[in-house]
Protein chains: 2
Amino acid sequence: MISPKSTKKQRPRTHAEINEYRRKSLVEGALRSLAEYGVSGTTVSTICTAAGSSRGLLGHYFATKDEVMVAALEYLFGQISLMVKESLDKFDGTAVEKLHQMPSVLFTAPVFTQLNRTAFLALWHETRFNDQVRVANRQLYRNYILRVERMFTAAARELGLKIDARRAALGLIAVSDGLWLGLSIHDDVITGEQAIEICQNYITRELKLD
Amino acid sequence: MISPKSTKKQRPRTHAEINEYRRKSLVEGALRSLAEYGVSGTTVSTICTAAGSSRGLLGHYFATKDEVMVAALEYLFGQISLMVKESLDKFDGTAVEKLHQMPSVLFTAPVFTQLNRTAFLALWHETRFNDQVRVANRQLYRNYILRVERMFTAAARELGLKIDARRAALGLIAVSDGLWLGLSIHDDVITGEQAIEICQNYITRELKLD
DNA sequence: AAATGTTTGTTGAACGTCCAACTTTTTTAT
DNA sequence: ATAAAAAAGTTGGACGTTCAACAAACATTT
């Protein structure tokens, strides 16, 4: 059984704080339950236990379990996007260097954790079988593709290259998704370092740098 | 509700035939139930209904539901491997041409069907949360990597090239897995043709043909 | 004291497993 | 070759469990 995540800040007092805290707890609890037990093993009980609340509280914040799943997907996707963005912003370099740096961010902590990988796999499954989750994921996915596409466009402009930025973006996302999911199951087949190498190799060739 | 698949051959008579027929029916029923309802929606009832048998029969052929899942993964993986192998054997060409042809096989029917894609995603999820399925998948995956690696080795030898065949194989598998799973959710984001193009593009660059 | 947040109790439906009765095929005895 | 016995295959209901959703009671903040 998952134990509730230890809270760093002290327990919130006002209603506004409580609302935010509980919603976040429940969403994070859902992610941890999904990562631990999978889709079929995740129930309202396991989510609430992981969130450190009682069984019934979920109904206070979400109308249905599906709604929690949507919120969990948006939260996970948003957190990862934010972490990637922050890491790349911190990394001060050209557009080419930033693009090249991206796989390192994707395949190291705090993005590349067992929790994130496994929860992502479970939610990916949900995306196929849960209409609400699918709709939410489609939009997130579209935006993700656009962001990567823009990175390729910027890098190509820097190099004075003409490339098919969309195809390049789709390819890179496919490679990294494939490695993310493959690695989420078989840690012993590929290491994170190899994954980074494969992705960087892809970028290098797409930008004709070799 | 899924209707049982229409049988082409007439009803089997001998015990040996019946055993084979029923086992296959149940495994295919499991795949169709997984593709239709996902992991959480697949029950002994849905499997047996899809297989055209009564609820109780599953216990006669498999000790547990998990055992059916393992059999379903092995069956699906085996069927796809066989179809790819047959398509490539039929295609009479050099090792380079065969490798180049592989994505076309992976991303067109009868390999690239909604049933196969969706069942595969569901089983991939199972692989993470079901020990028996994970063990089975690990071996299947290893063999798959080795086969693709050998194709790259053969192609490189033909071209008089020195390449990292294993990394090339892992990369191609990652791309195609990513596209398979991405496409199985969002048909409108990428088409099969684009997926083939992206994979062939990867192979071309790995073999330094551009 | 009113509103909001939270826990606990209840309900009906659906689940997987088990199993006793039934049908069909195969073996044995004549 | 035929009939009886045995084995194998199949069915659907009973059982105990678990679930999501609902309802009611309790606690805390405003």
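Order of the sequence lines fixes the chain letters, A, B, ..., with proteins taken first and strands second; residue numbering starts at 1 for each chain.
B/E67 places its CD atom 14 Å from the C1' atom of C/dT17, with the value rounded to the nearest Å. Between B/F62 atom CZ and C/dG16 atom P the separation is 16 Å, expressed in whole Å. Distance B/E17 CD to C/dT25 P: 11 Å, rounded to the nearest Å. Rounded to an integer number of Å, the gap from B/Y37 OH to C/dC15 P is 11 Å. If you measure from atom CG of A/L26 to atom P of D/dA20, you get 14 Å, rounded to the nearest angstrom. When the P atom of C/dG16 is taken as reference, atom CE of B/M69 falls 9 Å away, rounded to whole Å. Atom NZ in B/K65 sits about 12 Å away from atom C1' in C/dT17, given to the nearest Å. A straight line from CD of A/E20 to P of C/dT4 spans 18 Å, rounded to a whole angstrom.
Between A/G56 and B/G41, the one whose closest nucleotide on DNA chain C sits nearer the 5' end is A/G56.
Residues A/V105 and A/V84 share a closest heavy-atom pair of CG1-CA, 3.8 Å.
No more than 12 heavy atoms of other residues, nucleotides or ligands lie within 6.0 Å of CG in B/D92, so this atom counts as exposed by the packing criterion. In this structure, B/E20 places its CD atom where only 12 or fewer heavy-atom neighbours from other residues, nucleotides or ligands lie under 6.0 Å away.
In this pair, A/F77 and A/F120 present their aromatic rings tilted. The plane angle is within the 30 to 60° band. Ring planes of A/Y144 and A/Y141: perpendicular class, angle over 60° (limits at 30 and 60°).
For the side-chain hydrogen bond (donor to acceptor under 3.5 Å, both in side chains) condition, the pairs that include at least one residue of residues 74-83 of chain A, sequence neighbours left out, are A/E28-A/Y75, A/S81-A/R147.
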Enumerate all atom pairs, one protein N or O and one N or O from nucleotides 8-10 of chain D, separated by less than 3.5 Å.
from, atom 1, to, atom 2, distance (Å)
D/dG9, OP1, B/N19, OD1, 2.9
D/dG9, OP1, B/N19, ND2, 2.2
D/dT10, OP1, B/R22, NE, 2.7
D/dT10, OP1, B/R22, NH2, 3.4
D/dT10, OP2, B/Y61, OH, 2.7

